[in-house]
Amino acid sequence: MSAKGKPAKIPVSVRALMARINRRLPEYHKLKTNRRWIPRAIGDPGHYYVVDQYYNRIVAMHVDLETYGREIGALEPWECLEEE
């Protein structure tokens, strides 16, 4: 327990959360990292995005890992994304 009486959240690394999300996604979908990320570029998908590899198109842009992980059930309520 933390000092305020609330249970402490267990940190999960970015790499582990990305692996969990990719296991939860449908067969041809994959979470990717944009290595050439330039803010405000035309057609910028954001730092993290989801690709449908069957149709070769972007399904989700500007993905927030912690929020997206909670939405699809890859991150439990007692876990949090590790601070860098």
Item to check | CG on D64 to NE2 on H47, rounded to 0.5 Å | outcome: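 Separation between the atoms: 11.5 Å.
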**Prompt:** Which distance, rounded to the nearest 0.5 Å, do you find between the CG of L75 and the OH of Y68?
**Reply:**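 Interatomic distance, L75 CG to Y68 OH, rounded to 0.5 Å: 13.5 Å.
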N/O donor-acceptor pairs under 3.5 Å from side chains in residues 14-27, not counting sequence neighbours:
from : atom 1 : to  : atom 2 : distance (Å)
R20  : NH1    : A74 : O      : 3.2
R20  : NH1    : E79 : OE1    : 2.8
R20  : NH1    : E79 : OE2    : 3.3
R20  : NH2    : E79 : OE2    : 3.3
N22  : OD1    : L31 : N      : 2.6
N22  : ND2    : M18 : O      : 3.3
R24  : NH2    : G73 : O      : 3.0

With sequence neighbours excluded, what pairs up with Y54 under the ring-ring contact (aromatic ring centres under 6.0 Å, His included) test?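 Once residues adjacent in sequence are excluded, the partners of Y54 under the ring-ring contact (aromatic ring centres under 6.0 Å, His included) criterion are Y28.
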Quick note, salt bridge (Lys or Arg N to Asp or Glu O under 4.0 Å) partners involving residues 67-77, not counting sequence neighbours, are E66-R70
Q.
A side-chain contact here means heavy atoms from C-beta on lying under 4.5 Å apart; do V50 and K30 qualify?
A.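 When only atoms from C-beta onward are counted, K30 and V50 do not touch, as no gap falls below 4.5 Å.
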Is there side-chain contact between Y48 and N34, with at least one heavy-atom pair below 4.5 Å?
no
For Y49, the other hydrophobic cluster members (4.5 Å side-chain criterion, sorted by chain and number) are V51, I58, M61
